[in-house]
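Here the structure comes first, spelled out in structure tokens, and everything after it is commentary.
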Amino acid sequence: MLAYYDEVGFKDWTHAETGAPMLKAQHPEFEMWSQGIHSQAGVSCADCHMPYKRVGAMKISDHHVRSPLLNINNACQTCHKVPEDELKDRAETIQARTSHLRDLALDALVDLIEEIKGARENGATDDQLAAVLDFQRKASFYVDFVEAENSAGFHADQESARILAESINFSRQGQVALRKLP
Ligand code: HEC
Ligand code: HEC
């Protein structure tokens, strides 16, 4: 996605404080799910978010689309024959770890933004900052990709961690590139 946006020179907005050409990740649930263990096992969105339920003698799919963690019996235990608490705990462990990595990525990005603002105040030009602003664009898009995805890592835990690690690295590389400015 990023390679495509770079190729066509697209930006959603310009960062007010640094001037970086920014991107907005727009709810990539499908893309994230497609990298996860459930998609590999053929488990679809509707299996978890619209599980079957009984209404009288009929079996229908639940149209109250919501968090499956509020409905673990129907949403998960059809496949996972383990206690509800255990399933909830496994999902929440993934989410807590993802949220911690997300916070690290956001802190790194804020550090980079603060340093770019400082460089601007010291007279750094657009040309000098081009590579650094590209790191900000990447770091921001990557952390936003996980945040805008809404499952806090559950749909694909390892892929979420990978994307957040890349984001942290982009921010820190941006800071290193700033140190090399004259
Ligand atoms: C294996 C079960 C499972 C599958 C398959 C699945 N999800 Fe989810 N989804 C979850 C869980 C668990 C959460 C986290 C809910 C929470 O944090 O309360 C979630 C969260 C979400 C949310 C946020 C909901 C909220 O109430 O905050 C959206 C939107 C979503 N999923 C969409 C999708 C889409 C679209 C797909 C298919 C491309 C999909 N999900 C596939 C289990 C699943
Ligand atoms: C339609 C069947 C199905 C449903 C519904 C389903 N799962 Fe799964 N789940 C699987 C399969 C299959 C695997 C992969 C097992 C494997 O490959 O070893 C899996 C794997 C997992 C894992 C291990 C993930 C990992 O990275 O190791 C967890 C945790 C999990 N499911 C929790 C849930 C929760 C919570 C829900 C409900 C929100 C749910 N599942 C709904 C079939 C399902």
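On a predicted model such as this, the values are computed, not experimentally measured, just so you know. Every number for a ligand or one of its atoms is a count from 1 in the order of the listing. Residue numbers start at 1 and run along the sequence shown.
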For this session: I would like to know whether Glu92 and Lys88 meet salt bridge (charged side-chain N to carboxylate O under 4.0 Å, His left out); could you show each step before the answer?
Result: CA-CA 6 Å; Glu92 287 175 355; Lys88 192 152 183 281; 3.1 Å; yes
Could you give the side-chain donor-acceptor pairs of residues 105-119 under 3.5 Å, partners two or more places apart or in another chain?
| from | atom 1 | to | atom 2 | distance (Å) |
| --- | --- | --- | --- | --- |
| Asp111 | OD2 | Arg172 | NH1 | 2.9 |
| Glu114 | OE2 | Lys117 | NZ | 3.4 |
| Glu115 | OE1 | Arg179 | NH1 | 2.8 |
| Glu115 | OE2 | Gln175 | NE2 | 3.0 |
| Glu115 | OE2 | Arg179 | NH2 | 3.4 |
| Lys117 | NZ | Glu17 | OE2 | 3.3 |

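Relative ring orientation between Trp33 and Phe30 is described as tilted, the plane-to-plane angle lying within the 30° to 60° band.
His49 is linked by a ring pair (Phe, Tyr, Trp, His ring centres under 6.0 Å) to nothing, counting only residues two or more places apart in sequence or in another chain. For Glu31, the salt bridge (charged side-chain N to carboxylate O under 4.0 Å, His left out) test picks out no residue, with sequence neighbours left out.
Under a cutoff of 6.0 Å and an axis angle of 45°, Lys138 and Phe135 form a cation-pi pair.
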Atom pairs and distances, ligand 1 N/O vs protein N/O under 3.5 Å:
| from | atom 1 | to | atom 2 | distance (Å) |
| --- | --- | --- | --- | --- |
| ligand 1 | 7 (N) | His49 | NE2 | 2.8 |
| ligand 1 | 7 (N) | His155 | NE2 | 2.8 |
| ligand 1 | 9 (N) | His49 | NE2 | 2.9 |
| ligand 1 | 9 (N) | His155 | NE2 | 2.8 |
| ligand 1 | 17 (O) | Gln95 | NE2 | 2.9 |
| ligand 1 | 18 (O) | Ser67 | OG | 2.6 |
| ligand 1 | 31 (N) | His49 | NE2 | 2.8 |
| ligand 1 | 31 (N) | His155 | NE2 | 2.9 |
| ligand 1 | 40 (N) | His49 | NE2 | 2.8 |
| ligand 1 | 40 (N) | His155 | NE2 | 2.8 |

